[in-house]
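What follows is a single structure, written as structure tokens, with notes after it.
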There are 2 protein chains.
Amino acid sequence: MLSNSAKYALKAVLYLSLNSNEEEKLMTKDISDKIKVPKSYLAKLLQDLSRHGIISSTKGPKGGFYLTNNDKKLSLIEIIEVIDGRQRLNSCVLDLEACNDKNPCVLHDIVGRANSEFVKSLQKTTIEDLIADIKKGKSVFPFE
Amino acid sequence: MLSNSAKYALKAVLYLSLNSNEEEKLMTKDISDKIKVPKSYLAKLLQDLSRHGIISSTKGPKGGFYLTNNDKKLSLIEIIEVIDGRQRLNSCVLDLEACNDKNPCVLHDIVGRANSEFVKSLQKTTIEDLIADIKKGKSVFPFE
DNA sequence: TCTTAAATATGATTTAAATCATGTTTTTGG
DNA sequence: CCAAAAACATGATTTAAATCATATTTAAGA
Ligand code: FES
Ligand code: FES
């Protein structure tokens with residue numbers, strides 16, 4: 001479903017969304033310590049996200065990663081696609097090449113359906129939405 | 001979600017369910033050719049399934065793998081759990097250890113829900129059910 | 001301007017999943 | 001009883017994902 005990397009990326013962005021802004025930036029180490037992800041592995045992911053405009057960063061002393069208000073409007077799928085690519089989430093559960101919505105494979109009904117719902121949710125949910133849920137006490141994010 | 005191995009196993013069992021019975025057994029090669037899975041890799045999977053009583057087999061000339069009517073009553077989750085174990089399908093999407101239904105993580109609502117549906121479907125769907133769908137023309141199974 | 005702290009870029013290593021290979025046991029048929 | 005055909009068992013190799021390491025660039029602040 002999601003690669004390990006994508007999970008790490010989601011966690012990191014979530015952590016950033018709750019603990020950073022234009023004035024208060026976070027270093028890789030701050031984040032990796034909290035979410036318990038290997039530092040240099042996370043560094044790569046953050047750089048990847050930054051390069052693709054998902055998160056913001058500045059170099060040098062007092063630099064770090066952060067989310068602008070605009071960044072927070074991005075949907076979760078955009079984070080995932082930078083890391084995992086587009087194919088991974090949209091392929092048939094059995095990896096049958098001849099299968100799609102028009103020609104549904106034998107698992108499509110019971111499984112593909114759940115998967116489509118999943119993808120749709122990722123598309124329409126933004127970082128902001130998640131923050132709102134947490135602030136409302138609707139859900140939690142225990143970092144690790 | 002599902003490992004490659006689990007997908008292969010599902011395909012193989014599905015193929016067996018459509019093309020074998022107590023009288024007509026299939027060799028590893030017959031199956032691997034059709035579903036395009038490396039022969040000796042599939043051999044391991046089939047032996048694993050056989051050892052766990054998911055499929056049936058007999059050794060020696062004229063031997064091979066097959067499904068009994070009883071085998072066809074097993075649910076899909078049983079196949080998957082033999083190959084992937086129990087944990088893989090039931091863990092939090094972000095692999096957060098402190099998360100569960102009582103303490104839902106920030107993605108649980110939008111993602112975990114789809115996942116639970118998925119698992120429930122796998123539990124209640126049997127091989128037989130899938131065969132029925134195919135025979136009814138409701139779905140297809142193009143093998144590869 | 002110089003030192004230092006940060007991201008950035010790139011490549012090497014490790015690990016686990018996937019794949020390959022080969023020998024052993026069982027059963028059938030002659 | 002023997003030879004061949006099949007599953008069974010086990011271990012080696014390959015590959016891709018995950019992890020580690022190190023050198024380069026940029027910006028801040030003294
Ligand atoms: S066509 Fe296979 S899961 Fe949709
Ligand atoms: S608690 Fe994280 S997905 Fe359910």
Side-chain angles (χ1 to χ4, degrees), chain A residues 1-13 16 20 22-33 35-68 71 80 82-85 87-88 95, chain B residues 1-13 16 20 22-33 35-68 71 80 82-85 87-88 95:
Chain A
M1 182 137 61
L2 300 182
S3 70
N4 234 317
S5 297
K7 292 176 186 178
Y8 290 167
L10 279 173
K11 284 188 200 178
V13 173
L16 276 172
S20 80
E22 272 96 326
E23 280 78 42
E24 303 167 271
K25 295 158 192 166
L26 296 176
M27 302 190 291
T28 304
K29 187 160 192 340
D30 298 330
I31 307 172
S32 70
D33 281 351
I35 68 176
K36 291 275 166 51
V37 168
K39 178 171 165 321
S40 17
Y41 187 20
L42 184 62
K44 256 187 191 169
L45 295 174
L46 290 173
Q47 284 160 30
D48 221 359
L49 293 173
S50 170
R51 203 176 319 122
H52 285 86
I54 305 289
I55 66 178
S56 304
S57 69
T58 58
K59 285 181 169 184
K62 296 287 162 190
F65 297 97
Y66 61 100
L67 296 190
T68 65
D71 293 336
I80 293 168
V82 163
I83 305 294
D84 282 350
Q87 192 50 36
R88 182 169 185 137
D95 288 337
Chain B
M1 180 137 63
L2 300 182
S3 69
N4 234 317
S5 296
K7 292 176 186 178
Y8 289 169
L10 280 174
K11 285 188 198 177
V13 173
L16 276 172
S20 81
E22 272 95 327
E23 279 79 42
E24 302 167 273
K25 296 157 193 167
L26 295 176
M27 301 189 293
T28 304
K29 188 161 191 342
D30 297 331
I31 307 171
S32 70
D33 280 352
I35 69 176
K36 291 274 168 51
V37 169
K39 179 171 164 320
S40 19
Y41 188 21
L42 183 63
K44 255 186 190 170
L45 296 173
L46 290 173
Q47 284 159 30
D48 220 358
L49 293 173
S50 170
R51 203 176 319 122
H52 286 84
I54 306 288
I55 65 178
S56 304
S57 69
T58 58
K59 285 182 172 182
K62 297 287 162 188
F65 296 97
Y66 61 100
L67 296 191
T68 65
D71 293 337
I80 293 167
V82 163
I83 304 295
D84 281 350
Q87 192 50 37
R88 182 168 186 137
D95 289 336

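Being a predicted model, the structure only gives us computed values, none of them experimental. Numbers restart at 1 for each chain; the letters A, B, ... are given by sequence-line order, proteins then strands. Just so you know, these numbers use all the heavy atoms, side chains as well, and skip hydrogens, waters and symmetry mates.
- Within 4.0 Å (heavy atoms only), Leu26(A) reaches sugar-phosphate atoms of the nucleic acid but no base atom.
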Using a cut-off of under 3.5 Å, enumerate the N/O to N/O pairs linking the protein to nucleotides 24-30 of chain C.
| unit_1 | atom_1 | unit_2 | atom_2 | d |
| --- | --- | --- | --- | --- |
| dT26(C) | O4' | Lys59(B) | NZ | 3.3 |

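- A side chain to side chain contact (heavy atoms under 4.5 Å, CB included) with Ile83(A) holds for exactly one of Leu45(A), Asn4(A), Ile54(A); it is Leu45(A).
- If you walk DNA chain D from 5' to 3' and mark each nucleotide with an atom closer than 4.0 Å to a heavy atom of chain B, the marks span dA4(D) to dA12(D).
- Residue Ser57(B) is in sugar-phosphate contact alone, with no base atom involved, counting any heavy-atom pair closer than 4.0 Å across all strands shown.
- Rounded to whole Å, atom P of dA9(C) lies 13 Å from atom CG of Leu49(A).
- Using a distance-only test at 3.5 Å, with no hydrogens or angles considered, a donor-acceptor pair links the side chain of Ser20(A) to the main chain of Leu67(A).
- In this structure, the side chains of Tyr66(A) and Glu24(A) stay at 4.5 Å or more apart for every pair of heavy atoms.
- The backbone N or O of Asp30(A) lies less than 3.5 Å from no partner atom in the side chain of Asp33(A), so there is not a single donor-acceptor pair.
- At least one side-chain heavy atom of Arg51(B) sits under 4.5 Å from a side-chain heavy atom of Asp48(B).
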Test side-chain contact (heavy atoms from CB on, under 4.5 Å) applied to Asp71(B) and Ser56(B), step by step:
CA-CA 8 Å; Asp71(B) 293 337; Ser56(B) 304; 2.7 Å; yes
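- Under 3.5 Å, the side chains of Tyr41(B) and Ser5(B) contain a donor-acceptor pair of N or O atoms.
- For Lys44(A) and Pro38(B), each mapped to the nucleotide of DNA chain C holding its nearest heavy atom, the one lying further toward the 5' end belongs to Lys44(A).
- Across the protein-nucleic acid pair, Arg51(A) atom CZ and dA7(C) atom C1' stand 11 Å apart, rounded to whole Å.
- For Gly63(A) and Thr28(B), each mapped to the nucleotide of DNA chain D holding its nearest heavy atom, the one lying further toward the 5' end belongs to Thr28(B).
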Let's go through Ile35(B) and Tyr8(B) carefully: what are the C-alpha distance in whole Å and the side-chain angles of both, what is the deciding distance for side-chain contact (heavy atoms from CB on, under 4.5 Å) to 0.1 Å, and is it a yes or a no?
CA-CA 8 Å; Ile35(B) 69 176; Tyr8(B) 289 169; 5.6 Å; no
